[in-house]
A.B. asks: 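One structure follows; several queries about it will come next.
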Amino acid sequence: MLTIYGRNAVMEAVEDEDVTIHKLHLSKSNKDAAVLEQLKNIAKERGIEVAYHDKQALSRISKNAKQDQGVALDIVLEHFGDAEHFLQENKNYRIIALDGVTNPQNLGMIIRSCAAGNVDAILLPTKGAAQISPLVIKASAGTLFKMPIIKTTDLAKTLKSFQSEGATLYTLSSHATNSYKEQSYSNKTIFVLGNESEGVSKRVEDLCDRSIAIPMQRGVESLNVAVTASLLAFL
């Protein structure tokens, strides 16, 4: 279950009939607005339960009183899960793991590229990284609700569990000799992308099996992490 907030983010979710919704929360103090009437009409058409709260109660639900705009929504995340269940259901896979990616817009764009490309899941830590928020949903252009995401409290430990099942872990490095286009990948591949400024943490880097490079011209040393994810998603 995920609770999102903000009128635009909630509207985008309720309009998508592929998104399973548990409950719509509205503040009793909301002033009349066309978007709120539209939300209530859609909820009625879809049979979504609507609950009304005082402002303080709604802020406890949204956990963001300054930005919830009097609206919150509980979503059933059918594509979210843990590594154990993912491994039970998938024998072959291509995963992008994120190690300390903190920018919500980057996370949203990564989700969008992975959903459009040849990626089966995103491995996302629950700490030290951007988490699902209206800004992430906006940047993902709604694809968040369609992309399998594996949550983990310990990225290194989870990567080890994938390795024990035969997965090969790749990091990106400008010093690597193999181009990402020329590398031969196994049917269990995980690309590990690091923090926007510091890259992959040493603990995770030490786990990885191979290092690959994206050849660049004109002295450019690195790419934005979301751009890198996009290139890998369409291999």
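Sequential numbering from 1 along the given sequence is applied to the chain's residues.
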A.B. asks: Assess whether atom CZ of Arg112 is packed by more than 12 heavy atoms of other residues, nucleotides or ligands within 6.0 Å.
C.D. replies: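 Result for CZ/Arg112: open.
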
A.B. asks: Do Val119 and Ile95 come within less than 4.5 Å of each other through their side chains, counting heavy atoms only?
C.D. replies: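 No, side chains not in contact.
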
A.B. asks: With a 3.5 Å distance limit and no angle check, can you tell me whether Glu196 reaches the backbone of Val225 through a side-chain donor-acceptor pair?
C.D. replies: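 Here the side-chain-to-backbone pair does not exist.
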
A.B. asks: Does Asn30 use its side chain to pair, donor to acceptor, with the backbone of Gly70 at less than 3.5 Å?
C.D. replies: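 Pair found, side chain donor or acceptor close to backbone of Gly70.
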
A.B. asks: Does Lys160 pair with Asp154 as a salt bridge, N-O distance under 4.0 Å?
C.D. replies: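 The answer is no: the pair does not qualify as a salt bridge.
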
A.B. asks: Does Asn106 use its side chain to pair, donor to acceptor, with the backbone of Ala226 at less than 3.5 Å?
C.D. replies: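 No; zero donor-acceptor contacts below 3.5 Å.
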
A.B. asks: Tell me, do Leu172 and Leu232 make a side-chain contact under 4.5 Å, heavy atoms counted?
C.D. replies: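 They are in contact (side-chain heavy atoms under 4.5 Å apart), so the answer is yes.
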
A.B. asks: Calculate, to the nearest 0.5 Å, the distance between atoms CG and CD1 belonging to Asp16 and Ile42 respectively.
C.D. replies: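 Rounded to the nearest 0.5 Å, the CG-CD1 separation comes out at 11.0 Å.
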
A.B. asks: Is the count of non-hydrogen atoms from other residues, nucleotides or ligands lying under 6.0 Å from Gln88 atom CD greater than 12?
C.D. replies: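 It does: Gln88 CD has more than 12 such atoms within range.
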
A.B. asks: Mark yes or no for whether Gln131, through its side chain, and Pro125, through its backbone, hold a donor-acceptor pair below 3.5 Å.
C.D. replies: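 At least one qualifying donor-acceptor pair exists.
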
A.B. asks: Measure the OG1-CG distance between Thr228 and Leu223 for me, rounded to the nearest 0.5 Å.
C.D. replies: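 Going from the OG1 atom of Thr228 to the CG atom of Leu223 covers 4.5 Å.
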
A.B. asks: Could you check Asn195 against Asp99 for side chain to side chain donor-acceptor pair (under 3.5 Å), going step by step and ending with a plain yes or no?
C.D. replies: CA-CA 6 Å; Asn195 176 271; Asp99 182 18; over 6 Å; no

A.B. asks: Can you tell me how far OG of Ser62 sits from CD1 of Ile4, rounded to the nearest 0.5 angstrom?
C.D. replies: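 Ile4 CD1 to Ser62 OG: 11.5 Å, rounded to 0.5 Å.
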
A.B. asks: Taking the side chain as everything from C-beta on, heavy atoms only, tell me whether Ile190 gets closer than 4.5 Å to Leu159.
C.D. replies: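 Contact flag for Ile190/Leu159 side chains = yes.
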
A.B. asks: Looking at Ser140, is its backbone amide N or carbonyl O close enough to the side chain of Thr143 to form a donor-acceptor pair, meaning the two atoms are under 3.5 Å apart?
C.D. replies: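 At least one qualifying donor-acceptor pair exists.
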
A.B. asks: When you compare the side chain of Met147 with that of Cys114, does any pair of heavy atoms fall below 4.5 Å?
C.D. replies: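 They are in side-chain contact.
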
A.B. asks: Does the pair Ile48 and His22 meet the rule for a side chain to side chain contact (heavy atoms under 4.5 Å, CB included), with working shown?
C.D. replies: CA-CA 7 Å; Ile48 299 168; His22 175 63; over 6 Å; no

A.B. asks: Crowded around Lys40 NZ? As in, over 12 foreign heavy atoms under 6.0 Å?
C.D. replies: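 Yes, because the 6.0 Å sphere around NZ of Lys40 holds more than 12 heavy atoms from other groups.
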
A.B. asks: Please go through Leu135's hydrophobic cluster and name the other residues, only I, L, V, M, F, W, Y counting, with side-chain heavy atoms under 4.5 Å joining them.
C.D. replies: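 Besides Leu135, the cluster holds no residue at all.
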
A.B. asks: Any chance you could measure Tyr52, atom OH, to Ser29, atom OG, to the nearest 0.5 Å?
C.D. replies: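 Rounded to the nearest 0.5 Å, the OH-OG separation comes out at 12.5 Å.
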
A.B. asks: Could you measure the distance from the NZ atom of Lys138 to the CD atom of Glu12? Nearest 0.5 Å is fine.
C.D. replies: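 It comes to 10.0 Å.
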
A.B. asks: Give a yes or no answer on whether the side chain of Arg210 reaches the backbone of Thr168 with a donor-acceptor pair at less than 3.5 Å.
C.D. replies: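 Such a contact is absent between Arg210 side chain and Thr168 backbone.
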
A.B. asks: Enter the distance from Leu36:CG to Gln69:CD here, rounded to the nearest 0.5 Å.
C.D. replies: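 Answer rounded to 0.5 Å: 9.0 Å.
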
A.B. asks: Would you check if the side chain of Asp54 reaches a backbone N or O of Ala57 as a donor-acceptor pair within less than 3.5 Å?
C.D. replies: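 Yes.
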
A.B. asks: Under the side chain to side chain contact (heavy atoms under 4.5 Å, CB included) criterion, do His53 and His25 qualify, and how do the steps go?
C.D. replies: CA-CA 7 Å; His53 311 269; His25 302 276; 2.9 Å; yes

A.B. asks: If we ignore hydrogens and angles and just use 3.5 Å, is the side chain of Lys151 paired with the main-chain N or O of Asp82 as donor and acceptor?
C.D. replies: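 Flag not set: sc Lys151 to bb Asp82 has no pair under 3.5 Å.
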
A.B. asks: Do the ring centers of Tyr180 and Tyr185 come within less than 6.0 Å of each other?
C.D. replies: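 Ring centroids of Tyr180 and Tyr185 are no less than 6.0 Å from each other.
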
A.B. asks: Would the number of heavy atoms belonging to other residues, nucleotides or ligands and lying under 6.0 Å from CG of Asn224 be above 12?
C.D. replies: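 Buried by this count: over 12 neighbours within 6.0 Å.
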
A.B. asks: Less than 4.5 Å apart, any side-chain heavy atom of Asn118 and any of Phe234?
C.D. replies: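 No, side chains not in contact.
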
